[in-house]
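The chains referred to below are lettered A, B, ... by the order of the sequence lines, with proteins before strands, and numbering in each begins at 1. It should be emphasised that the depicted structure is a prediction, and the values quoted were computed from it without experimental measurement.
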Number of protein chains: 2
Amino acid sequence: MSETTAAGQRADMVRNRRLLLGAATAAFAERGVEVSMGEIAQRAGLAKGTVFRHFASKEDLLAAIMLQLLDRLTGTADRLRQADDAAAALREFMTNGVEALAADRAFCEVVGRPSLQNPDVRAAINHLCDAAEALTARAREQGAVRDDVTGTDIVLLLGGIHQTAAPLLADQPQAWRRYLELALDGLHVPNAGALPEQPPRGLPLDGSPATG
Amino acid sequence: MSETTAAGQRADMVRNRRLLLGAATAAFAERGVEVSMGEIAQRAGLAKGTVFRHFASKEDLLAAIMLQLLDRLTGTADRLRQADDAAAALREFMTNGVEALAADRAFCEVVGRPSLQNPDVRAAINHLCDAAEALTARAREQGAVRDDVTGTDIVLLLGGIHQTAAPLLADQPQAWRRYLELALDGLHVPNAGALPEQPPRGLPLDGSPATG
DNA sequence: GGTCAAGATGACCGAGCGGTCATTTTCACG
DNA sequence: CGTGAAAATGACCGCTCGGTCATCTTGACC
């Protein structure tokens with residue numbers, strides 16, 4: 001696809017990079033952003049120095065993997081824009097989103113604290129909000145969700161729904177479905193009273209210091 | 001009251017303990033459970049060794065402070081049981097709960113991952129679920145919330161609502177009110193369809209290894 | 001098959017962590 | 001006021017972390 005092998009690349013380097021990305025993806029998913037670079041190297045069957053040859057810092061490696069996840073979800077949202085039933089499309093998007101969070105601890109941590117992430121990751125989160133807004137706008141027009149709900153609300157709700165179910169994850173891996181239904185019911189209610197304090201378009205990621 | 005000075009206690013020890021608890025409460029609230037014991041000691045104006053004389057481990061210190069917060073919230077729930085309007089009482093309880101989470105990072109982290117906490121903390125979380133269930137039961141009877149919502153749902157929702165608003169905290173400190181309203185609207189909906197997979201009474205905190 | 005730039009390696013570094021302990025200071029009590 | 005037990009102190013320990021670098025290995029190319 002886009003990340004193909006350039007001419008003259010060494011075969012072992014290409015293979016090691018694939019091993020590294022696979023191991024890092026799994027390690028971050030299982031153990032969160034706190035997993036050590038040493039453990040990632042071990043899981044990939046590589047030396048620690050090799051990991052740092054491929055990615056200059058842990059932050060870079062994490063960003064590469066989070067961007068992949070965010071872009072995939074944004075792609076899902078874009079694809080769902082063409083569905084006829086906007087309410088069903090929105091439900092499908094949210095299902096995908098919460099499932100992705102439930103399967104990946106690092107993804108939760110990154111989406112839950114966007115202000116202290118890499119600028120590229122923050123931009124990708126904003127793209128996701130835009131894609132979600134497009135989906136939500138159609139649902140609003142069709143009267144499927146209340147007027148004052150935005151795409152940013154939807155993205156934020158993904159994190160909230162997952163967090164609600166997180167303490168039950170070990171015993172009821174599907175518990176998030178319960179809280180997704182609850183949220184969808186709340187979103188459906190015709191304006192019983194406008195919600196307070198509408199969020200900005202996208203997330204206010206630029207106000208916070210870069211932190212490195 | 002219960003933690004009064006016993007006879008023969010040295011005055012400086014009593015004063016230092018109060019300084020320590022105050023500093024630790026503020027430090028955990030501002031910077032989460034990752035704050036170091038060294039920083040807590042510094043904020044209290046004490047040496048690190050003194051902190052470990054009062055609490056044998058960081059886990060013990062954290063537990064002491066989290067128990068205080070949990071007990072306070074449980075007390076609020078107990079007091080609200082006597083209100084006439086169960087729906088209003090439930091709203092008041094949830095407002096208190098989300099406010100407490102928004103004001104304390106460590107509290108969020110502890111309530112959001114109860115399985116890896118101190119047994120005392122886990123027990124206190126279960127007490128909170130019980131108190132919330134009592135409140136919720138009355139709301140169910142009054143038809144103010146749907147039949148299939150439990151006290152555990154309510155406690156879990158506190159964490160979820162806060163998490164939803166967390167990325168906006170710096171710019172819109174009151175954003176959680178928006179998502180609390182949304183959740184309350186979802187809770188009000190008469191059984192449009194039962195929610196999937198009811199959670200257990202309390203949280204399944206005993207299945208996980210103690211880790212300590 | 002020889003060559004050599006590019007890649008892989010793992011010992012090593014400095015920083016920060018939770019926690020310990022020999023020493024010094026403080027205060028309650030007689 | 002003198003005394004001794006309890007409390008405070010901060011240097012220190014072992015450990016893990018992200019990251020570096022001199023050294024060795026590999027594979028693309030002629």
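Not a single donor-acceptor pair under 3.5 Å links the side chain of Asp60(A) to the backbone N or O of Phe55(A). Remark: the backbone N or O of Gly202(B) is not paired with any side-chain donor or acceptor of Asn126(B) at under 3.5 angstrom.
Atom pair Lys58(A):NZ and dT16(D):C1' shows a separation of 11 Å (rounding to whole Å applied). Put simply, CD on Gln42(B) is 10 Å from P on dC17(C), counting in whole angstrom units. The distance from atom CZ of Phe52(B) to atom C1' of dA11(D) is 15 Å, rounded to the nearest whole Å. For Leu62(B) and dC17(C), the CG to P distance is 16 Å, given to the nearest whole Å. Rounding to whole angstrom units, CG of residue Asp60(B) and C1' of dG19(C) are separated by 13 Å.
Not counting sequence neighbours, the partners of Met13(A) by the side chain to side chain contact (heavy atoms under 4.5 Å, CB included) test are Gln9(A), Arg10(A), His54(A). Residues satisfying the side chain to side chain contact (heavy atoms under 4.5 Å, CB included) test with Gln42(A), not counting sequence neighbours, are none.
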Provide a list of protein-nucleic acid N or O atom pairs under 3.5 angstrom, restricted to nucleotides 5-10 of chain C.
| residue | atom | partner | partner atom | Å |
| --- | --- | --- | --- | --- |
| dA6(C) | N3 | Arg10(A) | NH1 | 2.7 |
| dG7(C) | OP2 | Arg53(A) | NH1 | 3.3 |
| dG7(C) | O4' | Arg10(A) | NH1 | 3.4 |
| dA8(C) | OP1 | Asn16(A) | ND2 | 2.6 |
| dA8(C) | OP2 | His54(A) | NE2 | 3.3 |
| dT9(C) | OP2 | Ala47(A) | N | 3.1 |
| dT9(C) | OP2 | Thr50(A) | OG1 | 2.7 |

message: Determine whether Leu156(B) and Thr152(B) satisfy the following criterion, side chain to side chain contact (heavy atoms under 4.5 Å, CB included), listing intermediate values before the conclusion.
response: CA-CA 6 Å; Leu156(B) 290 171; Thr152(B) 301; 3.9 Å; yes
Please table the atom pairs, donor to acceptor, closer than 3.5 Å between any side-chain atom in residues 63-83 of chain B and protein atoms at least two apart or in another chain.
| residue | atom | partner | partner atom | Å |
| --- | --- | --- | --- | --- |
| Thr74(B) | OG1 | Leu70(B) | O | 3.0 |
| Thr76(B) | OG1 | Arg72(B) | O | 3.1 |

If you look only at distance, which donor and acceptor atoms sit under 3.5 Å apart when one is on a side chain in residues 98-113 of chain B and the other is two or more places apart or in another chain?
| residue | atom | partner | partner atom | Å |
| --- | --- | --- | --- | --- |
| Asp104(B) | OD1 | Ala106(B) | N | 3.1 |
| Asp104(B) | OD1 | Phe107(B) | N | 3.0 |
| Glu109(B) | OE1 | Val33(B) | N | 2.8 |

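With respect to the salt-bridge test (charged N to carboxylate O, under 4.0 angstrom), the residues Arg140(A) and Glu133(A) qualify.
A heavy atom closer than 4.0 Å to some atom of DNA chain D occurs in no member of residues 25-40 of chain B.
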